[in-house]
Amino acid sequence: MTYYSPQLIQTMRDALDAVMTKVPMKHATPGLKAHLAEVILQAAAQGLTSHDALVAAASDQILTIISMLS
């Protein structure tokens, strides 16, 4: 099991909140948020730990996830 420090968990939460502001309102569903959170977790597991890197990783997947859920 991967361990994340409380500071990194807060950074991931902040990154998710930031990414959700980029999602068109009609697509901002709990399901999309869960998928973006998973992307952020995977990015952190690969060593991306800065807010900007996590936001970029998730932002790159917004359209893919929207099309997958549509």
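Sequential numbering from 1 along the given sequence is applied to the chain's residues.
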From CG (Leu48) to CG (Leu41), nearest 0.5 Å: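 If I round to the nearest 0.5 Å, the distance is 12.0 Å.
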
Reported CG-to-NE2 distance for the pair Leu8 and His51, which is rounded to 0.5 angstrom: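 Interatomic distance, Leu8 CG to His51 NE2, rounded to 0.5 Å: 12.0 Å.
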
Minimum heavy-atom separation for Leu54 to Ala15, with atom names?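 Smallest heavy-atom distance, with atoms named: CB-CB, 3.8 Å.
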
Looking at Val19 and Ala58, what are the two nearest heavy atoms and their distance?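 Shortest heavy-atom contact: CG2-CB, 3.7 Å.
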
Is it the case that atom CG in Leu63 sees more than 12 heavy atoms from other parts of the structure closer than 6.0 Å?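 12 or below, so no.
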
Solution key, residues 24-39 side-chain donor-acceptor pairs under 3.5 Å, sequence neighbours excluded:
{"residue": "Thr29", "atom": "OG1", "partner": "Leu32", "partner atom": "N", "Å": "3.1"}
{"residue": "Glu38", "atom": "OE2", "partner": "Gln42", "partner atom": "NE2", "Å": "3.4"}

Could you name each residue pair satisfying side chain to side chain donor-acceptor pair (under 3.5 Å) that touches residues 4-22, not counting sequence neighbours?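 As it turns out, the side chain to side chain donor-acceptor pair (under 3.5 Å) pairs with a partner in residues 4-22, which skip direct neighbours, are Gln10-Asp14, Lys22-Ser59.
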
